[in-house]
Structures are given as structure tokens and as C-alpha cells.
Amino acid sequence: MQMSLPCVKQPDVITCKAAVAWGAGKPLVIEEVNVNPPQAMEIRIKVVCTSLCRSDITAWESQAIFPRIFGHEATGIVESVGQGVTEFTEGDHVLTVFIGECGKCRQCTSVSSFSEYTVVHSGCAVKISSVVPLEKVCLLSCGVAAGLGAAWNVADISNGSSVVIFGLGTVGLSVAQGAKLRGASQIIGVDTNPEKGENAKAFGITAFINPHDSKDPIQQVIKNLTGGGADYSFECIGDTGMVTTALQACCDGWGLTVTLGVPKVKPEVTAHYGIFLTGRTLKGSLFGGWKPKSHLPSLVDMYTKKEIQVDEYITHNLPFEDVNKAFNLMREGKCLRCVIHMAK
């Protein structure tokens with residue numbers, strides 16, 4: 001007797017809402033889009049929360065190909081899985097990440113999270129505990145993790161050292177937190193927004209400098225404060241000209257500058273070769289040196305044990321329909337992280 005195998009229902013196309021960018025700097029338009037079923041080695045995620053990253057602003061203002069759906073710093077729940085996926089099942093809670101770790105190739109694709117549903121390669125998602133608050137840990141999929149990793153993995157800040165951080169957004173303040181946890185004795189924050197000075201103390205900043213308030217070059221001010229230059233310098237603005245300033249603010253012999261910012265204009269870095277002859281080093285940092293699948297679960301665990309700060313970076317919680325308000329707040333320097341809640 002011939003037996004027939006049971007028919008396995010394949011996922012359908014989902015029609016949902018997404019915030020679509022149609023041009024540089026133009027308001028996003030919430031409209032319906034079709035999200036295809038996941039293909040081989042892909043998963044489809046119901047996005048629960050997504051936070052706005054400065055790199056989204058940078059791309060939206062100038063660099064992107066339009067139309068486009070931005071967003072990458074997100075948490076959600078797996079809705080369906082494609083052929084060959086064994087790591088995830090429906091209902092898993094996940095972080096999306098812009099750097100893949102499939103374990104087989106060097107690079108994977110990025111994600112779009114300003115949509116109620118998104119499809120990503122299974123290498124671009126990290127399974128997390130179902131009990132951690134998705135509206136908080138979404139920050140660990142980019143900004144907070146990038147800053148902590150730059151301090152711990154890339155610079156490997158030592159106890160008792162001096163640190164200067166240019167740019168006190170979420171990434172810069174995460175560097176500050178990482179430096180504080182490593183026992184840095186002096187953590188100097190530099191920003192042109194005077195409102196950031198007081199708030200920065202909660203993340204470990206011991207001294208705040210507004211370049212507009214100083215008649216001397218900022219690198220000279222830092223050298224005076226540190227007795228010759230900082231041991232570690234971090235550029236978290238996305239200004240390649242500031243990379244040179246950060247290098248000049250480091251000490252001779254062993255001063256290390258780490259650049260994390262995404263340039264808005266002029267991507268080339270220029271510096272006098274004499275800076276390097278004195279023993280200074282310039283390093284780049286991509287996602288703080290973390291391997292997402294291998295390392296992010298440990299950061300989530302540190303968060304649940306209250307060993308690292310995450311909640312404190314969230315200054316605004318907004319519904320999805322107010323996504324343009326989030327963009328405006330960040331452009332105006334009035335927020336650290338806006339968490340956008342997708343569900344009604």
C-alpha cells in the first residue's frame with residue numbers, strides 16, 4: 001500500500017506596516033509592505049521593539065539608496081523559520097544584529113527593523129532568554145554593546161588609567177561605563193552639548209569639557225588635565241577631523257586612540273606621521289570586537305545581574321507611529337536612545 005506524507009504548510013506572505021524612507025532627510029512614511037516567507041537559512045521575526053541608532057540618522061540624511069527601511073537595533077520573536085534552520089524555532093526571543101555570525105562565512109547581511117516583521121539570515125540573530133525585557137535589551141544589539149566592547153575588547157582599558165571620550169551619545173557613554181568598570185581613574189567627556197555634562201556623571205565621566213568654553217585647543221586642555229595626554233582616547237562622533245584631535249590628545253609612547261563613529265562627510269582620515277612616530281596607535285572598532293552569537297548572551301546575562309547599565313540610556317519610549325519624532329529628537333541632540341514600540 002502506498003502511503004502519502006503529510007503536507008507541511010509553508011508560511012504565507014505577511015502584509016504589515018513599515019516606516020519607509022523615500023529620500024534623504026525626508027520624513028518616513030508608514031505604509032503597508034509585503035514581507036516574504038523566510039528562505040533557506042533565514043528566519044522571519046515579529047519585531048517587538050527597536051531603538052534608533054545614530055548611524056540610521058547618518059544614512060538617512062545622505063548615504064542611503066532609496067526607498068529604504070532603516071533600523072537594526074531591535075528585539076523580537078521568531079514567527080517562522082526557513083529550510084535548514086536548526087538554531088531557532090517559532091516563539092524564540094531574539095536580538096537582531098548588523099554583523100552576522102553564521103559560523104561558516106566571514107560576512108552576512110544586515111537587517112531592517114522599522115517594520116512590524118522582518119526577514120534576516122539566521123546568522124544575524126541571537127537567541128536570548130524569554131524573561132528579559134525586550135524593550136530594554138534591544139540596545140545591546142548595537143550601541144551599548146559597541147561602546148562596552150570598544151573599552152574592553154579593542155582598547156583593553158587598564159586599572160588606574162586616564163581616558164578621554166569625544167562625543168557623549170549612547171556609544172560614548174557606554175565607553176565611559178566600560179572604562180569605569182575597568183577601574184579607570186580619570187574619564188574625561190568632551191561634547192559641544194552642555195546638557196550632556198551632568199547626565200554623563202551617572203555613566204562614569206569624572207570631568208566634562210565643552211570645546212566652545214575653552215580658548216585653548218581641546219587636545220591641549222586634555223594634556224593639561226592628564227599630565228601629558230590620556231592613555232586612551234575614543235572618537236565616538238563620526239568626524240574624521242576629530243580622529244586627529246583624539247590622537248593628539250593621547251600621550252606619547254603608548255597612547256591609544258579608538259575610532260567608533262560613522263563619518264557623515266569626508267571619510268578619509270589625515271594625520272601627521274610624526275604622531276605615530278611618537279608611539280601613538282590608531283585602531284578601528286567594529287561592534288566593539290564582539291562576536292554576536294558567542295558574546296551577546298553573556299552581556300544580556302550581565303544586564304540581568306545588574307552588572308551593566310542599559311535602562312539608563314533610554315530617554316524616550318515612543319509608539320511606532322511617532323518614529324519621525326524619534327528622528328527629530330536625535331537630530332536635535334535631545335535624546336540618548338528612543339525605543340520604538342511596534343505593538344499597539
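Residues Ile222 and Leu282 do not share a hydrophobic cluster, defined by chaining ILVMFWY side chains whose heavy atoms lie under 4.5 Å apart. A continuous path of ILVMFWY side-chain contacts below 4.5 Å connects Trp60 to Ile340, so both sit in one hydrophobic cluster. No continuous path of ILVMFWY side-chain contacts below 4.5 Å connects Leu318 to Val323, so the two sit in separate hydrophobic clusters. By the criterion of side-chain heavy atoms lying less than 4.5 angstrom apart, applied directly or through intervening Ile, Leu, Val, Met, Phe, Trp or Tyr residues, Val164 is not grouped with Trp152; the two fall into different hydrophobic clusters. Ile209 and Ile187 are members of different hydrophobic clusters when ILVMFWY side chains are connected at heavy-atom separations under 4.5 Å.
In this structure the side chain of Arg280 reaches within 4.5 angstrom of the side chain of Asp252, judged on heavy atoms. Side chains of Leu139 and Val339 form a contact here, defined as non-hydrogen atoms less than 4.5 Å apart. Side-chain atoms of His72 and Ser55, non-hydrogen and from C-beta on, do get closer than 4.5 Å to each other. Within the 4.5 Å cutoff, the side chain of Glu61 has heavy atoms near those of the Arg331 side chain. Using a 4.5 Å cut-off on side-chain heavy atoms (C-beta onward), Met330 and Arg337 make contact. Counting only heavy atoms from C-beta outward, the side chains of Ser233 and Leu247 never approach each other to under 4.5 Å. For the pair Val190 and Val221, the minimum side-chain heavy-atom distance is 4.5 Å or more. The side-chain heavy atoms of Thr89 and Val81, taken from C-beta on, include no pair separated by under 4.5 Å.
Heavy atoms of other residues, nucleotides or ligands lying less than 6.0 angstrom from CD of Glu312 number more than 12. Enclosure of atom CD in Glu198 is not indicated, since only 12 or fewer non-hydrogen atoms of other residues, nucleotides or ligands lie within 6.0 angstrom. For Lys127, the NZ atom sits in a packed shell: over 12 heavy atoms of surrounding residues, nucleotides or ligands are nearer than 6.0 Å. For Gln83, the CD atom sits in a loose shell: 12 or fewer heavy atoms of surrounding residues, nucleotides or ligands are nearer than 6.0 Å.
For the pair Ser285 and Val258, the tightest heavy-atom approach, listed with the atom from each and the gap, is CB-CG1, 3.7 Å. What you find for Phe98 and Cys142 is that their closest heavy atoms are CE2-SG, 3.9 Å. Contact record, Trp290 with His295: CE3-CB, 3.4 Å, taken as the closest heavy-atom pair. Contact between Phe320 and Glu116 at its shortest, heavy atoms only, is CE2-CG, 4.4 Å. Across all non-hydrogen atoms, the minimal contact from Glu42 to Val119 is OE1-CG1, 3.3 Å. The nearest pair of heavy atoms linking Gly289 to Val154 is N-CG2, 4.2 Å.
Contacts of Lys305 classified as salt bridge (charged side-chain N to carboxylate O under 4.0 Å, His left out), with partners at least two apart in sequence or in another chain: Asp301. Applying the side-chain contact (heavy atoms from CB on, under 4.5 Å) test to Pro319 and every residue at least two apart in sequence or in another chain returns Glu321, Asp322. Under the side-chain contact (heavy atoms from CB on, under 4.5 Å) criterion, Cys236 pairs with Ile165, Val171, Val175, Phe234, Leu260, not counting sequence neighbours. Among residues two or more places apart in sequence or in another chain, the side-chain hydrogen bond (donor to acceptor under 3.5 Å, both in side chains) test is passed with Ser51 by Glu73. Listed by chain and number, the residues in a side-chain contact (heavy atoms from CB on, under 4.5 Å) with Gln186 are Ser162, Ile188, Thr206, Leu225, Thr226 (sequence neighbours excluded). Residues forming a side-chain contact (heavy atoms from CB on, under 4.5 Å) with Ser185 (at least two apart in sequence, or on another chain): none. For Gln309, the side-chain hydrogen bond (donor to acceptor under 3.5 Å, both in side chains) criterion is met by no residue, not counting sequence neighbours.
How far CG of Leu329 is from CG of Leu336: 11.0 Å, rounded to the nearest 0.5 Å. Rounding to the nearest 0.5 Å places CG of Asn199 at 10.0 Å from CG of Leu168. Rounding to the nearest 0.5 Å places CZ of Phe70 at 12.0 Å from SG of Cys53. Distance check: Leu28 CG to Phe327 CZ gives 5.0 Å after rounding to the nearest 0.5 Å. One finds the SG atom of Cys335 at 11.5 Å from the CD1 atom of Ile314 (value rounded to the nearest 0.5 Å). To the nearest 0.5 Å, the span separating CD on Glu135 from OG1 on Thr75 amounts to 7.5 Å.
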| said: Show, in sequence, the C-alpha distance, side-chain angles and deciding distance for Ser115 and Met342, and conclude whether the side-chain contact (heavy atoms from CB on, under 4.5 Å) test is met. | reply: CA-CA 8 Å; Ser115 173; Met342 308 301 291; 5.5 Å; no

| message | side-chain contact (heavy atoms from CB on, under 4.5 Å) for Phe287 and Leu296? Distances and angles first, verdict last. | response | CA-CA 11 Å; Phe287 196 47; Leu296 283 188; 4.0 Å; yes

| request: Applying side-chain contact (heavy atoms from CB on, under 4.5 Å), run through Thr118 and Val35 and close with a yes or a no. | output: CA-CA 7 Å; Thr118 188; Val35 181; 5.9 Å; no

| Step-by-step side-chain contact (heavy atoms from CB on, under 4.5 Å) determination, Phe166 to Val243 | CA-CA 9 Å; Phe166 293 86; Val243 173; over 6 Å; no

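Counting only residues at least two apart or on different chains, no salt bridge (charged side-chain N to carboxylate O under 4.0 Å, His left out) pair has a member in residues 230-250. Evaluation of the salt bridge (charged side-chain N to carboxylate O under 4.0 Å, His left out) test over residues 219-228, restricted to residues two or more places apart or in two chains, returns none. Sequence neighbours left out, the pairs with a member in residues 26-36 that pass side-chain hydrogen bond (donor to acceptor under 3.5 Å, both in side chains) are Thr15-Asn34, Trp22-Glu31.
Here the side chain of Ser112 pairs a donor or acceptor atom with the backbone of Ile69 at under 3.5 angstrom. In this structure, Thr58 contributes its side chain and Arg54 its backbone to a donor-acceptor pair below 3.5 Å. In this structure, Tyr313 contributes its side chain and Leu173 its backbone to a donor-acceptor pair below 3.5 Å. With Lys283 contributing its side chain and Thr259 its backbone, the two residues share no donor-acceptor pair below 3.5 Å. Not one N or O on the side chain of Asp191 forms a donor-acceptor pair closer than 3.5 Å with the backbone of Lys196. Formation of a donor-acceptor pair under 3.5 Å by the Thr281 side chain with backbone atoms of Leu256 is not found in this model.
The hydrophobic cluster containing Trp254, built from Ile/Leu/Val/Met/Phe/Trp/Tyr side-chain heavy atoms closer than 4.5 Å, comprises no other residue.
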Review item, side-chain donor-acceptor pairs of residues 268-276, under 3.5 Å, at least two apart:
| from | atom 1 | to | atom 2 | distance (Å) |
| --- | --- | --- | --- | --- |
| His272 | ND1 | Gly274 | N | 2.9 |

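Checked for salt-bridge contact, Glu79 and Arg44 meet the test: a charged N lies under 4.0 Å from a carboxylate O.
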